[in-house]
Amino acid sequence: MEGVVGEGESYTLVVRKPCFGLPTACPSSLPLYLYLRFANVPFQLDFNLVFPDSDQIPYIESGDYVAYNNEKGGVIERLKRDGIIDLDTELYSVPEWISTKAMLSSWLADAITYELWVGSDSSSAETIYCSDLPWPIGKVLFLKQVHSVKQQLGITKENAEQKGEEIYRRAGIAYEALSTRLGAQDFLFENRPSSLDAIFLGQALIVLQALPEMSILRRKLLEHGNLVRYVERVKTEFVETGPSYSVPHFRADSSSSIPKKGPSKSSKPKSKPKKEKTKEEKTFKRRAKYFLATQLVAVLLFLTLMGRPDDVEVDLDDDDEGYD
């Protein structure tokens with residue numbers, strides 16, 4: 001279970017903000033957080049509030065090393081390939097490993113994405129991703145993401161109900177299979193933590209704590225008592241005892257936690273307050289302002305498209321009436 005980590009190495013994990021009683025409620029970020037906790041790797045938490053739609057987040061950095069979420073397989077797979085942290089080395093030959101991984105990365109990943117952005121009232125997604133951005137930038141980014149998720153899942157006005165039922169049906173099958181797989185064990189495979197435990201538990205903690213009580217996905221998970229106990233135990237042992245952090249606040253000129261361009265660039269230490277800004281910090285500041293400017297342009301383009309229904313079709317359901 002031990003990872004290949006240099007003596008005294010410390011990592012910085014950059015994720016989306018903490019909320020709903022979790023160190024991060026982002027479905028991409030929380031599994032990585034748990035993976036590092038399972039590996040007993042020392043790390044600090046940092047938060048990105050400036051780029052809610054960035055596919056680079058989460059990312060991890062240490063010295064000259066940095067791994068981004070948008071690399072092949074995400075950060076966890078990159079850490080494995082680079083021989084840094086691999087909890088799964090003795091598990092690849094275990095029966096059901098591949099099918100369980102596929103089920104987590106497709107059926108359950110689709111289900112939590114659907115529930116956050118489409119299936120529920122979407123207030124949880126707004127809190128996780130957009131609540132720190134100025135209005136209407138946050139609102140427009142939210143609506144754009146809803147539209148993107150519907151395209152990703154193949155949802156149209158004509159098949160919306162059928163697609164929703166299929167997503168929930170598959171999620172129910174997945175939870176049943178995971179409940180059977182877990183049984184009375186402490187973890188899913190060989191009674192030891194793995195990347196699949198981290199992925200499932202990250203998703204499940206968000207389902208139980210971030211989704212509304214009437215969430216269909218939440219109700220389906222609650223049907224399996226051993227899965228719920230599993231989630232609560234890991235929360236107590238690995239989340240509540242994790243690295244300390246303070247809730248960050250959005251600043252348009254913040255230079256911290258801004259993704260660097262390209263996966264090969266190293267992380268530079270952040271300067272102390274009151275010191276003269278470095279060239280890199282000034283560059284980060286310009287990037288943050290550029291981000292806000294480009295999103296304002298996106299607002300104008302979005303409103304222009306809304307005003308031209310005959311030329312461009314923008315699929316916004318009745319749930320998006322709050323935009324007006």
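Just so we're clear, the structure is a prediction, and the values are computed from it rather than from any experiment.
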Chemist: Starting at CD1 of Ile206, measure out to CG of Leu116 and round the result to the nearest 0.5 Å.
Modeler: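 Reported to 0.5 Å precision, the distance equals 7.0 Å.
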
Chemist: Within the 3.5 Å criterion, strictly below it, is a donor on Asp86 or Thr89 matched to an acceptor on the partner's side chain?
Modeler: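 No, no side-chain donor-acceptor contact under 3.5 Å.
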
Chemist: With the 4.5 Å side-chain cut-off for hydrophobic clustering, are Leu188 and Tyr92 part of the same group?
Modeler: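 Linked, Leu188 and Tyr92 end up in one cluster.
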
Chemist: Quick one: closest heavy-atom pair of Ala39 and Ile85, and the distance?
Modeler: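 Looking at all heavy atoms of both residues, the shortest contact is CB-CG2, 3.5 Å.
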
Chemist: Could you give the distance from NZ (Lys157) to NZ (Lys150), rounded to the nearest 0.5 Å?
Modeler: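 If we round to the nearest 0.5 Å, Lys157:NZ and Lys150:NZ are 8.5 Å apart.
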
Chemist: Would you indicate whether the side-chain heavy atoms of Leu221 and Leu208 approach each other to under 4.5 Å?
Modeler: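 Side chain of Leu208 against side chain of Leu221, heavy atoms only: contact under 4.5 Å found.
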
Chemist: I want to check something: taking the side chain as every heavy atom from C-beta on, are Val207 and Ile112 in contact at a cut-off of under 4.5 Å?
Modeler: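 They are in side-chain contact.
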
Chemist: Does any non-hydrogen side-chain atom of Pro42 lie less than 4.5 Å from one of Tyr11?
Modeler: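 Tyr11 vs Pro42: side chains apart.
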
Chemist: So, taking the atom named OG in Ser105 and the one named CD1 in Ile199, what distance separates them when rounded to the nearest 0.5 Å?
Modeler: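 So the gap between those two atoms works out to 7.0 Å.
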
Chemist: List the residues meeting side chain to side chain contact (heavy atoms under 4.5 Å, CB included) with Gln209, not counting sequence neighbours, and say none if there are none.
Modeler: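 Partners of Gln209 under the side chain to side chain contact (heavy atoms under 4.5 Å, CB included) test: Leu22, Leu205, Lys235.
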
Chemist: Can you name the side chain to side chain donor-acceptor pair (under 3.5 Å) partners of Asp186, sequence neighbours left out?
Modeler: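 With neighbours one apart ignored, the set is empty.
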
Chemist: Quick one: side chain to side chain donor-acceptor pair (under 3.5 Å) partners of Ser124, sequence neighbours excluded?
Modeler: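 Partners of Ser124 under the side chain to side chain donor-acceptor pair (under 3.5 Å) test: none.
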
Chemist: For Asp88, which residues count as a salt bridge (Lys or Arg N to Asp or Glu O under 4.0 Å) partner, sequence neighbours excluded?
Modeler: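 With neighbours one apart ignored, the set is Lys80.
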
Chemist: Measuring only between side-chain heavy atoms, which start at C-beta, is Pro23 closer than 4.5 Å to Leu30?
Modeler: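 Contact flag for Pro23/Leu30 side chains = yes.
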
Chemist: Applying side chain to side chain contact (heavy atoms under 4.5 Å, CB included), name anything that partners Ser215, two or more places apart in sequence or on another chain.
Modeler: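 In terms of side chain to side chain contact (heavy atoms under 4.5 Å, CB included), with neighbours along the sequence ignored, Ser215 is linked to Glu115, Leu211, Pro212, Leu217, Arg218.
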
Chemist: What's the spacing between Leu49 CG and Cys130 SG if we round to 0.5 Å?
Modeler: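 Nearest 0.5 Å value for the CG-SG distance: 11.5 Å.
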
Chemist: Suppose we screen for side chain to side chain contact (heavy atoms under 4.5 Å, CB included). Which residues come up paired with Glu223, at least two apart in sequence or across chains?
Modeler: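 Side chain to side chain contact (heavy atoms under 4.5 Å, CB included) check on Glu223 returns nothing, list empty.
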
Chemist: Please give me the minimum heavy-atom distance between Ala160 and Tyr114, naming the atom from each residue.
Modeler: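 So the two residues come closest at O-OH, 4.4 Å.
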
Chemist: So Arg219 and Glu213, do their side chains get closer than 4.5 Å, heavy atoms only?
Modeler: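 No, too far: nothing below the 4.5 Å cut-off.
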
Chemist: Side chain of Asp82, backbone of Leu79: donor and acceptor closer than 3.5 Å?
Modeler: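 Not confirmed, Asp82 side chain does not pair with Leu79 backbone.
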
Chemist: With a 3.5 Å cut-off and sequence neighbours excluded, list the donor-acceptor pairs that the side chains of residues 96-104 form with protein atoms.
Modeler:
residue : atom : partner : partner atom : Å
Ser99   : OG   : Glu96   : O            : 3.1
Thr100  : OG1  : Glu96   : O            : 2.6
Lys101  : NZ   : Glu77   : OE2          : 3.3

Chemist: In terms of side-chain heavy atoms, does Asn226 have a donor or acceptor partner in Ser179 at a distance below 3.5 Å?
Modeler: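 Checked: Asn226/Ser179 side chains pair up, N/O donor to acceptor below 3.5 Å.
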
Chemist: Short question: side chain of Lys139, backbone of Pro134 - any donor-acceptor pair under 3.5 Å?
Modeler: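 Judged by distance alone, no pair lies under 3.5 Å.
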
Chemist: Please list all pairs passing the salt bridge (charged side-chain N to carboxylate O under 4.0 Å, His left out) test where one or both residues lie in residues 224-234, with sequence neighbours left out.
Modeler: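 Of all non-adjacent pairs touching residues 224-234, those that pass salt bridge (charged side-chain N to carboxylate O under 4.0 Å, His left out) are Arg233-Glu237.
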
Chemist: Compare all side-chain heavy atoms of Leu108 with those of Leu178 and state whether any distance is below 4.5 angstrom.
Modeler: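 Yes; the side chains approach each other to less than 4.5 Å.
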
Chemist: Decide yes or no on side-chain contact (heavy atoms from CB on, under 4.5 Å) for Phe47 and Arg16, but give the supporting numbers first.
Modeler: CA-CA 5 Å; Phe47 303 98; Arg16 292 185 171 90; over 6 Å; no

Chemist: What heavy-atom pair brings Ala25 and Ile128 nearest, and what distance separates the two atoms?
Modeler: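 In terms of heavy atoms, the two residues are closest at O-CD1, 3.3 Å.
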
Chemist: So, the side chain of Ser122 versus the backbone of Trp117: is there a donor-acceptor pair under 3.5 Å, distance only?
Modeler: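 Judged by distance alone, yes, a pair lies under 3.5 Å.
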
Chemist: Residues in side chain to side chain donor-acceptor pair (under 3.5 Å) with Tyr129, at least two apart?
Modeler: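 Tyr129: no side chain to side chain donor-acceptor pair (under 3.5 Å) contacts found.
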
Chemist: Report the residue from Asn69, Val15, Ile76 that forms a side-chain contact (heavy atoms from CB on, under 4.5 Å) with Leu32.
Modeler: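 Of the listed residues Asn69, Val15, Ile76, the side-chain contact (heavy atoms from CB on, under 4.5 Å) partner of Leu32 is Ile76.
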
Chemist: Taking all atoms of both residues into account, what is the closest heavy-atom pair of Val118 and Val149, and its distance?
Modeler: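 Looking at all heavy atoms of both residues, the closest pair is CG2-CG1, 4.1 Å.
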
Chemist: Any salt bridge (charged side-chain N to carboxylate O under 4.0 Å, His left out) involving residues 160-171? Give me the pairs, sequence neighbours left out, ordered by first then second residue.
Modeler: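 Salt bridge (charged side-chain N to carboxylate O under 4.0 Å, His left out) check on residues 160-171 returns Glu166-Arg169, Glu166-Arg170.
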
Chemist: Kindly indicate, with the supporting measurements, whether the criterion side-chain contact (heavy atoms from CB on, under 4.5 Å) is fulfilled by Ile173 and Trp107.
Modeler: CA-CA 9 Å; Ile173 294 172; Trp107 288 6; 3.7 Å; yes

Chemist: Would you compute the distance between atom CG of Leu227 and atom CZ of Arg181 and round it to the nearest 0.5 angstrom?
Modeler: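 The CZ atom of Arg181 is 13.0 Å from CG of Leu227, to the nearest 0.5 Å.
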
Chemist: Is there a donor-acceptor contact under 3.5 Å from the side chain of Asp121 to the main chain of Ser123?
Modeler: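 Yes; judged by distance alone, with no hydrogens or angles, the pair exists.
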
Chemist: Answer yes or no: is there a donor N or O on one side and an acceptor on the other, between the side chain of Arg78 and the main chain of Glu71, under 3.5 Å?
Modeler: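 Side chain of Arg78 to backbone of Glu71: no pair is present.
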
Chemist: For Ser29 and Thr24, indicate whether the former's side chain and the latter's backbone hold a donor-acceptor pair under 3.5 Å.
Modeler: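 No; zero donor-acceptor contacts below 3.5 Å.
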
Chemist: Establish, yes or no, whether a centroid distance under 6.0 Å links the rings of Phe238 and Tyr33.
Modeler: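 That pair fails the under 6.0 Å test.
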
Chemist: Which pair of non-hydrogen atoms, one from Arg192 and one from Phe187, has the smallest distance, and what is that distance?
Modeler: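 Looks like O-CB, 3.3 Å.
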
Chemist: For Leu201, check side chain to side chain contact (heavy atoms under 4.5 Å, CB included) against everything at least two apart and list the hits.
Modeler: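 Partners of Leu201 under the side chain to side chain contact (heavy atoms under 4.5 Å, CB included) test: Leu34, Phe38, Asp197, Tyr230, Val231, Val234.
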
Chemist: Please name all residues satisfying side chain to side chain donor-acceptor pair (under 3.5 Å) with Arg37, sequence neighbours left out, ordered by chain then number.
Modeler: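 In terms of side chain to side chain donor-acceptor pair (under 3.5 Å), with neighbours along the sequence ignored, Arg37 is linked to Thr241.
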
Chemist: Tell me, do Glu190 and Val94 make a side-chain contact under 4.5 Å, heavy atoms counted?
Modeler: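 When only atoms from C-beta onward are counted, Val94 and Glu190 do touch, with a gap below 4.5 Å.
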
Chemist: Tell me if the centroids of the rings in Tyr59 and Tyr68 come within less than 6.0 Å of each other.
Modeler: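 Judged by ring-centre distance (under 6.0 Å), Tyr59 and Tyr68 do meet the cut-off.
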
Chemist: For the residue pair Ala111 and Ile167, what are the closest heavy atoms and their distance?
Modeler: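 Smallest heavy-atom distance, with atoms named: CA-CG2, 3.6 Å.
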
